[in-house]
Protein chains: 2
Amino acid sequence: MDTPVDPRTARSRDAILAAAHTLLVREGPASVTHQRVAHEAGVGRATVYRHWQRADHLLLAAMSGSDLPFFRSPTSPVRPWLHQELRKLADELTLPAVAAVTLTLMQTALWDPDAATRRNHSSAAVTTRITTALDLAQETGELTTVLPSEDAAALLIGPMLYRTAMEAGTVSDMLISHLLDSVGTWRD
Amino acid sequence: MDTPVDPRTARSRDAILAAAHTLLVREGPASVTHQRVAHEAGVGRATVYRHWQRADHLLLAAMSGSDLPFFRSPTSPVRPWLHQELRKLADELTLPAVAAVTLTLMQTALWDPDAATRRNHSSAAVTTRITTALDLAQETGELTTVLPSEDAAALLIGPMLYRTAMEAGTVSDMLISHLLDSVGTWRD
DNA sequence: AAACTATGAGTCAACTTGTCTCGTAGACTT
DNA sequence: AAGTCTACGAGACAAGTTGACTCATAGTTT
């Protein structure tokens with residue numbers, strides 16, 4: 001494993017990815033072209049072609065830079081922990097950088113199978129984590145759930161996404177509380 | 001009002017809009033260029049420029065072809081009516097044409113103020129209609145709501161959008177029932 | 001039938017895209 | 001520390017795209 005890598009390759013690679021990400025966030029996916037990225041990265045155009053033959057692959061790579069740090073390692077009691085995680089996620093979703101990546105991924109997935117794959121991985125990861133947390137809450141008797149666990153992610157995250165991306169609004173703590181109540185009955 | 005319009009203008013206009021919409025749905029927003037649209041519409045390239053100077057304006061125009069027919073004129077009892085409307089919306093969201101327009105609008109709105117305006121109008125229209133329906137249900141004593149009415153749209157539609165656009169899944173009637181229960185307590 | 005005007009076809013310069021070559025500087029090898 | 005390797009930037013190139021323009025024609029209006 002881990003083949004030693006020429007530092008030059010790594011440097012250009014990182015510069016290109018950062019530039020592509022910057023351009024995506026600042027001007028939208030249409031601006032992520034070999035030429036624009038090369039200029040933004042301070043790198044030769046041929047170098048960008050060398051690393052990514054196609055602009056859409058580069059865009060996809062630029063989107064998957066940061067893996068979501070949410071919903072990992074739940075603690076008991078689960079409710080306050082989950083509330084906090086949802087709060088953080090809601091705040092992230094209002095950041096242009098995060099909104100741009102999320103919506104671009106969802107939209108691109110409609111036509112690009114690779115993007116669809118990555119989108120599926122993302123949503124599967126989130127679903128798994130949320131399910132894990134809710135399972136823990138149920139084992140400890142903190143929660144009595146009233147719906148299939150695979151619906152929980154949609155129920156919790158969907159409204160926050162809609163509020164931020166469609167209504168251009170903010171997610172109140174009250175709304176988060178309400179979402180938590182909608183997945184089941186909480187004790188303690 | 002209603003200035004008489006040269007049929008030729010109307011014809012090209014319609015052909016161009018239809019072509020732009022077709023291209024958007026079939027190949028994504030990047031394919032909506034003056035040249036591609038002109039070819040798809042069977043129209044001269046100059047004609048497309050004449051009608052829309054900029055490709056993004058054309059894209060926006062192509063997206064706002066159909067105004068959402070949902071949540072209009074609620075009937076009492078509201079619950080079965082609302083369930084049916086949500087069912088229809090969920091089914092629409094699984095159609096590539098509708099998903100493409102919705103996600104492209106949400107995404108484009110991040111960088112294009114015009115798109116943001118249209119997105120805001122869309123979401124405001126939906127919120128108004130849902131609020132109207134829920135108000136009716138509350139007046140007749142059918143529903144006792146437990147949250148600010150402006151949150152209802154996000155709560156009902158958000159999960160369906162997430163399920164279809166992020167999880168690439170379908171919305172079950174059970175999920176819809178659950179969503180309805182989450183906005184308040186229903187009698188009758 | 002005459003006047004009007006949107007259209008398709010075509011031309012054009014400026015620019016972008018994808019591909020290739022080559023001299024150079026940075027990085028591994030011994 | 002010298003020699004070999006290789007990723008790089010710069011530049012050249014043909015092919016294609018973009019946006020702006022002109023003009024004869026055919027479809028509309030009066």
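Since we're looking at a predicted model, the values are computed, not measured. Just so we're on the same page: letters track the sequence lines, and every chain starts at 1.
Look at CD on Q35(B): it is 13 Å from P on dA9(C), rounded to the nearest Å. Taking atom OH of residue Y49(A) and atom C1' of nucleotide dA10(D), one finds them 15 Å apart after rounding to whole Å. As rounded to whole Å, 12 Å separates atom P of dT7(C) from atom CZ of R13(B). When rounded to the nearest whole Å, the span between CG of L58(A) and P of dG18(C) equals 12 Å. Between H39(B) atom NE2 and dT18(D) atom P there is a gap of 14 Å when expressed in whole angstrom units. Rounded to whole angstrom, the span from the CG atom of D56(A) across to the P atom of dT17(C) amounts to 13 Å. Atom CG of D6(B) and atom P of dA26(D) are 16 Å apart (whole Å).
Judged by closest nucleotide on DNA chain D, A46(A) is the one of A46(A) and R11(B) placed further toward the 5' end.
Side-chain N/O atoms of H51(A) include one lying less than 4.0 angstrom from OP1 or OP2 on dC8(D). One finds no side-chain N or O of H34(A) lying less than 4.0 angstrom from the OP1 or OP2 phosphate oxygen of dT16(C). Between Q53(B) and dA20(D) there is a side-chain polar atom (N or O) within less than 4.0 angstrom of OP1 or OP2. Between T9(B) and dA6(C) there is no side-chain polar atom (N or O) within less than 4.0 angstrom of OP1 or OP2.
You'll find a donor-acceptor pair under 3.5 Å spanning the side chain of R45(B) and the base of dG19(D), going by distance alone. A donor N or O paired with an acceptor N or O is not found under 3.5 Å between the base of dG8(C) and the side-chain atoms of R8(B).
Here the side chain of W111(B) pairs a donor or acceptor atom with the backbone of V25(A) at under 3.5 angstrom.
Electrostatic pairing of E40(A) and R26(A) counts as a salt bridge here, judged by a charged N lying under 4.0 Å from a carboxylate O. Salt bridge R11(B)/D6(B): absent, no basic N to carboxylate O contact under 4.0 Å. In summary, E27(A) and R36(A) engage in a salt bridge, as defined by a charged side-chain N under 4.0 Å from a carboxylate O.
For CZ of R187(A), the number of neighbouring non-hydrogen atoms (other residues, nucleotides, ligands) closer than 6.0 Å is 12 at most.
Looking at the side chain of P7(A), the nearest of the listed nucleotides dT19(C), dA27(C), dC8(D) is dA27(C).
Residue contacts for R36(A): at a heavy-atom cut-off of 4.0 Å it reaches no nucleic acid atom on any strand shown.
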